[in-house]
Enquirer: 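Sharing a structure with you now.
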Amino acid sequence: MSSDISKSVTPADFIREIVAQHVAENKYSRIVTRFPPEPNGYLHIGHAKSICLNFGIAREFGGTCNLRMDDTNPAKEDVEYVESIKADVHWLIQDWAEQQLGLNASGQPFYASDYFEALHGFAVDLIKKGKAYVCDLSPADTDAYRGAPDRPGRNSPWRDRSVDENLDLFSKMRAGAFPDGACSLRAKIDMASPNVWLRDPLLYRIRHVAHHHTGSAWCIYPLYDFAHCLSDYLEGITHSICTLEFEVHRPLYDWILENLDLPKTLPRQYEFAKLIPSHTIVSKRKLISMVQEGIVSGWDDPRLPTLSGIRRRGITPNALRSFATKVGVTKYISLTDIAVYEHAIRDDLNAIALRRLAVLRPLKVVITNYPEDRVEEFEAVNNPEKPQAGKRLIPFSRELFIERDDFEETPPPKFFRLKPGGEVRLKYAFIIKCDEVIKDSNGVVTELRCTADLDSRTGGVTSGRKIKGTIHWVSARHAIQAEARLYDRLFTEAEPEKDGRDFRTVLNPSSLEIVTALCEPSLLSTAAAERYQFERLGYFVLDRDTTPNKLVFNRCITLKDTWSKVKP
RNA sequence: UGCCCGAUGGUGUAACGGUAGCACAACAGACUCUGAAUCUGUUUGUCAUGGUUCAAAUCCAUGUCGGGCAACCA
């Protein structure tokens, strides 16, 4: 039955329809996609959509998906990013599409830079066909000669060099005879094309820079348009799926492949709209400023939409994938409400999280009719959604802590927690009644003195009494302390940068709150991989800052909170 | 004022010439030892104007609005 369900939710989008069509026609012997990030930054939630699309297609159609470092610009790239990309991709596809992951002969990701020799050969082929030439125009002149979208460009004065001269010059470029920018290799297409990308685009530029993967082997580096289509070709990619901004590059992608007389089937490019989540920022540059300005603590700050931040926040790969699937794949540029993401997280965590009692903002409660030296242990279920998760025991004693929010001296209408003279049920324990409110000299409530209906504990004779409110609690004597980091959206506005606004002006001042929580003692033995639901408060995961002496929890997300919206 | 792409409730997405559906959000109710979850229900939509057709969200035309493209970035 579950397979029926999974079939019915199999996403059908226009790209999958195309692939399905190709599979039906037997157009390719095997479907091969790729995920090709440039290692110049950290992966984020937008990349997750692309990963899920590419690996998802490979998975659904029995193909593979190559992880490829699109590393053709040594000036911007670094192994630090290569390593983080590998870790992030692994995290997201483990136990889901690991089998689809295509790696090179040494079990490593593919690197565009591994094709530099082959790419160079293709460039020489193009020159020999009279379809590429070495141009001596400076970068500024190249720009001027290109014209504008509504105005044709002019031919470079170097456009008609002979094949032999071009071959000679290109080999000198490779040999390091020229400084950066002195000349470039260009495709000879059409300087009057309405598509500016077809106006003799650059294929190679000179960069006397060491490359993180190829070291100092090269001083000329291919540009994206030349390297990408051919890397796809070399790897046997069938469907090269990228975002919308590359749509106008597609004619160039095809031109290069089609003008090389290549023997194998050519890859085709397809474009989709990238993910734009509300209430966050995904731009690499802005992410860097937030890290550098200390707005967040680092690339893995749990408030960030980076995959490392998302992972540290405790969001599971399953939840992220579910979200990526829900948002769909189209060519319509849209703003995706972050609530969809939050729902996917809650949905996932609700099913797997172990329930625990913990108090974030404690208020002392004394049960005056409960003996001082007495301790009872009450049974509590670990997960009502999953009975096999078992039960545990929670100690109860005369002095407790409850959540400050769960008491109101002058309660608003429909408040069904604790109030003077009112009753509330302590989850898994007794129904208590508030007899007395004790305040300090400032009028701040410091303690509640209550009496318990001692027959009302779970299973007891009066346990069935209708009590509207049930609250969580911990035994003061047994509670353990933990740091709880409470996260909220980083921005107060759906579109932080709407109309050119500076995102710094719409930062959420309470995107991080740190409190010392009091937790039930079973939380002493926590597992890093485990997710917990602190009942009525939200989902939590152990942070890596935890030490043997100090527990640190990250709140992944709150529970849906209807009351806070109702309350005046 | 060039070329390319797009437009379905508040948001995202489906319907492939034949009953506008799903999810999120919102609201109301049921249930509840989590104001969660679950269940039930409600509100809200085909950018505009023409055309083709027995029939148009879907095809055509025009317009409007939005986006992308002029790095020796990807």
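All figures in this text were calculated on a predicted structure; none of them were measured in a lab. The sequence lines fix the lettering, A, B, ..., with proteins before strands; numbering per chain opens at 1.
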Enquirer: Rounding to an integer number of angstrom, what distance separates A61(B) and U53(B) when you compare their C1' atoms?
Expert: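 That atom pair is separated by 16 Å.
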Enquirer: May I ask you to say what F246(A) touches in the nucleic acid, namely base, sugar-phosphate or nothing, with a heavy-atom cut-off under 4.0 Å?
Expert: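 It contacts base atoms.
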Enquirer: For Y133(A), is the NZ or CZ atom of R186(A) found under 6.0 angstrom from the centre of its six-membered ring and inside 45 degrees of the ring axis?
Expert: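 No, R186(A) and Y133(A) do not form such a contact.
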Enquirer: Does the side chain of H343(A) get closer than 4.0 angstrom to OP1 or OP2 of C24(B) through an N or O atom?
Expert: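 True: H343(A) side-chain N/O within range (under 4.0 Å) of C24(B) OP1/OP2.
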Enquirer: Would you state whether a donor and an acceptor, one from the side chain of E17(A) and one from the base of C16(B), lie under 3.5 Å apart?
Expert: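 Yes.
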Enquirer: Quickly work out the D225(A) CG to C69(B) C1' distance and round it to whole Å.
Expert: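 Those two atoms, CG and C1', are 12 Å apart.
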Enquirer: Tell me whether the side-chain N/O atoms of T330(A) come closer than 4.0 Å to OP1 or OP2 in U13(B).
Expert: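 Yes, T330(A) has a side-chain N/O under 4.0 Å of OP1/OP2 on U13(B).
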Enquirer: So which nucleotide does G66(B) pair with, by the Watson-Crick or G-U wobble rule with both distances under 3.5 Å?
Expert: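 Across all strands, the one nucleotide that pairs with G66(B) is C5(B).
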Enquirer: Under 4.5 Å between any side-chain heavy atoms of C434(A) and F407(A), yes or no?
Expert: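 A side-chain contact exists here, since the closest heavy-atom pair is under 4.5 Å.
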Enquirer: Does G459(A) or I206(A) map to a spot on RNA chain B nearer the 5' end, using the closest nucleotide for each?
Expert: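 Between the two, 5'-proximity favours G459(A).
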Enquirer: Counting heavy atoms from C-beta on, name the nucleotide in C33(B), C72(B), G68(B) closest to the side chain of L202(A).
Expert: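 Shortest atom-to-atom distance from the side chain points to C72(B).
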Enquirer: Look through every strand shown and name the nucleotide pairing with C54(B) as Watson-Crick or G-U wobble, where both distances are under 3.5 Å.
Expert: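 Result: G18(B).
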Enquirer: Answer yes or no: does a side-chain N or O of R346(A) lie under 4.0 Å from OP1 or OP2 of C24(B)?
Expert: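 Result: no.
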Enquirer: Determine: side-chain N/O of K565(A) to OP1/OP2 of A26(B), distance under 4.0 Å, yes or no.
Expert: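 Checking A26(B) against K565(A), a side-chain N or O does come within under 4.0 Å of OP1 or OP2.
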Enquirer: Distance check needed: A15(B) C1' versus D13(A) CG, whole Å only.
Expert: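 Distance check: D13(A) CG to A15(B) C1' gives 15 Å.
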Enquirer: Between D405(A) (CG) and G35(B) (C1'), how many Å, whole number?
Expert: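 After rounding, the reported distance stands at 12 Å.
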Enquirer: C1' atom, U32(B) versus A37(B): distance in rounded Å?
Expert: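 To the nearest whole Å, 9 Å.
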Enquirer: Run the side chain to side chain contact (heavy atoms under 4.5 Å, CB included) check on V19(A) and E60(A) step by step: do they pass?
Expert: CA-CA 10 Å; V19(A) 176; E60(A) 289 150 37; over 6 Å; no
Enquirer: Counting only side-chain N and O atoms of R199(A), is one of them less than 4.0 Å from OP1 or OP2 of G2(B)?
Expert: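 For G2(B), OP1/OP2 do not have a side-chain N/O of R199(A) under 4.0 Å.
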Enquirer: Does the side chain of K274(A) get closer than 4.0 angstrom to OP1 or OP2 of G67(B) through an N or O atom?
Expert: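 False: K274(A) side-chain N/O out of range (4.0 Å or more) of G67(B) OP1/OP2.
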Enquirer: Between C60(B) and C5(B), how many Å separate the two P atoms, rounded to a whole number?
Expert: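 Straight-line distance between the two P atoms is 13 Å.
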Enquirer: G35(B) base to R536(A) side chain: any donor-acceptor pair below 3.5 Å?
Expert: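 Donor-acceptor pair under 3.5 Å: no.
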Enquirer: Is the shortest side-chain N to carboxylate O distance from D453(A) to R465(A) below 4.0 Å?
Expert: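 A salt bridge links D453(A) with R465(A).
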Enquirer: Please give the distance between the C1' atoms of G67(B) and G18(B) as a whole number of Å.
Expert: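 Taking atom C1' in both G67(B) and G18(B), they lie 34 Å apart.
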Enquirer: Have a look at R355(A) and say if it touches a base, only the backbone sugar-phosphate, or nothing, with a 4.0 Å heavy-atom cut-off.
Expert: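 R355(A): base contact, heavy atoms under 4.0 Å.
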Enquirer: Identify, between L137(A) and L244(A), the residue whose nearest nucleotide on RNA chain B lies closer to the 5' end.
Expert: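 Comparing both residues, the 5'-ward one is L244(A).
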Enquirer: Pick base, sugar-phosphate or nothing for R250(A), based on heavy-atom distances below 4.0 Å to the nucleic acid.
Expert: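 Nothing, no heavy atom under 4.0 Å.
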Enquirer: Answer with base, sugar-phosphate or nothing: what part of the nucleic acid does E271(A) contact at a heavy-atom distance below 4.0 Å?
Expert: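 Result for E271(A) = nothing.
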Enquirer: Any side-chain N or O of T72(A) below 4.0 angstrom from OP1/OP2 of A74(B)?
Expert: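 Looking at the OP1 and OP2 atoms of A74(B), one of them is under 4.0 Å from a side-chain N or O of T72(A).
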Enquirer: side-chain hydrogen bond (donor to acceptor under 3.5 Å, both in side chains): which pairs involve residues 329-340 of chain A, sequence neighbours left out?
Expert: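 For residues 329-340 of chain A, and leaving out neighbouring residues, the side-chain hydrogen bond (donor to acceptor under 3.5 Å, both in side chains) pairs sorted by first residue read E247(A)-K331(A).
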Enquirer: Taking syn as within 90° of 0 and anti otherwise, name the glycosidic form of A71(B).
Expert: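 Nucleotide A71(B) adopts syn.
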Enquirer: Figure out the CZ/C1' separation between R16(A) and A14(B), and round it to whole Å.
Expert: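 Atom CZ in R16(A) sits about 14 Å away from atom C1' in A14(B).
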Enquirer: With rounding to whole Å, what would you report as the distance between A48(B) and U64(B) at their P atoms?
Expert: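 Here A48(B) and U64(B) have their P atoms 15 Å from each other.
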Enquirer: Please tell me if R207(A) has a side-chain N or O lying less than 4.0 Å from either OP1 or OP2 of C73(B).
Expert: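 The answer is yes; a side-chain N or O of R207(A) sits under 4.0 Å from OP1 or OP2.
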Enquirer: Check the geometry between W563(A) and G35(B) and answer yes if their rings are stacked (centres below 5.5 Å, planes below 30°), otherwise no.
Expert: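 Yes; by the centre-distance and plane-angle rule, W563(A) counts as stacking on G35(B).
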Enquirer: Just to be sure I understand the rule, does Y204(A) reach a base, reach only the sugar-phosphate, or reach nothing, if contact means heavy atoms closer than 4.0 Å?
Expert: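 Contact class for Y204(A): none.
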Enquirer: Under the side-chain hydrogen bond (donor to acceptor under 3.5 Å, both in side chains) rule, what do R355(A) and H472(A) come out as? Steps first, then yes or no, please.
Expert: CA-CA 11 Å; R355(A) 313 292 130 122; H472(A) 57 279; over 6 Å; no
Enquirer: Roughly how many Å apart are A74(B) and A14(B), using the P atom of each and rounding to a whole number?
Expert: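 These two P atoms come out 32 Å apart once rounded.
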Enquirer: Just wondering, do S156(A) and D200(A) contact through their side chains at under 4.5 Å, heavy atoms?
Expert: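 They are not in side-chain contact.
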Enquirer: If only side-chain N and O atoms of S334(A) are considered, is one of them under 4.0 Å from the OP1 or OP2 phosphate oxygen of U13(B)?
Expert: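 It does, given that an N or O in the side chain of S334(A) lies less than 4.0 Å from OP1 or OP2 of U13(B).
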Enquirer: List the steps, then state whether salt bridge (charged side-chain N to carboxylate O under 4.0 Å, His left out) holds for E271(A) with R250(A).
Expert: CA-CA 9 Å; E271(A) 309 88 11; R250(A) 191 179 347 125; 2.7 Å; yes
Enquirer: Choosing from A74(B), A37(B), G68(B), which nucleotide comes nearest the side chain of R205(A)?
Expert: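 Nearest to the side-chain atoms of R205(A), counting from C-beta on, is A74(B).
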Enquirer: Select base, sugar-phosphate, or nothing to describe what N350(A) touches, counting heavy atoms under 4.0 Å on all strands.
Expert: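 Sugar-phosphate, no base atom in range.
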Enquirer: Using whole Å, report how far OH of Y270(A) lies from C1' of C4(B).
Expert: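 Taking atom C1' of C4(B) as the reference, OH of Y270(A) is at 18 Å.
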Enquirer: Which is true for H249(A) with a 4.0 Å heavy-atom rule: it touches a base, it touches only sugar-phosphate, or it touches nothing?
Expert: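 Contact class for H249(A): base.
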Enquirer: For C72(B), does OP1 or OP2 lie under 4.0 Å from any side-chain N or O of R146(A)?
Expert: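 R146(A) to C72(B) OP1/OP2: side-chain N or O found under 4.0 Å.
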Enquirer: Please determine, for C27(B), whether a Watson-Crick or G-U wobble partner exists with both distances under 3.5 Å, and give it or none.
Expert: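 Across all strands, the one nucleotide that pairs with C27(B) is G41(B).
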Enquirer: So that I can tick it off, tell me whether D232(A) and R68(A) are bridged by a salt bridge, with the cut-off set at under 4.0 angstrom between side-chain N and carboxylate O.
Expert: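 Yes, R68(A) and D232(A) are salt-bridged.
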Enquirer: Could you state the atom-to-atom distance from CG of L335(A) to P of G12(B) in whole Å?
Expert: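 Result: 7 Å.
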Enquirer: Taking atom P of A74(B) as reference, at what distance in whole Å does atom CD of E245(A) sit?
Expert: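 For the pair E245(A) CD and A74(B) P, the rounded distance is 14 Å.
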Enquirer: If only side-chain N and O atoms of T562(A) are considered, is one of them under 4.0 Å from the OP1 or OP2 phosphate oxygen of A36(B)?
Expert: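 For T562(A), the contact criterion (side-chain N or O under 4.0 Å from OP1 or OP2 of A36(B)) is met.
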Enquirer: Under a 3.5 Å cut-off for both contacts, is U49(B) paired Watson-Crick or G-U wobble with anything, and if yes, with which nucleotide?
Expert: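 A61(B) is the nucleotide pairing with U49(B).
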Enquirer: Could you give the distance separating A20(B) and G45(B) at their C1' atoms, to the nearest angstrom?
Expert: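 Approximately 9 Å lies between the C1' atom of G45(B) and that of A20(B).
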Enquirer: Please give the distance between the P atoms of U19(B) and U52(B) as a whole number of Å.
Expert: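 That atom pair is separated by 22 Å.
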Enquirer: Let me know the distance between CZ of F272(A) and C1' of G67(B), rounded to the nearest Å.
Expert: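 Taking atom C1' of G67(B) as the reference, CZ of F272(A) is at 16 Å.
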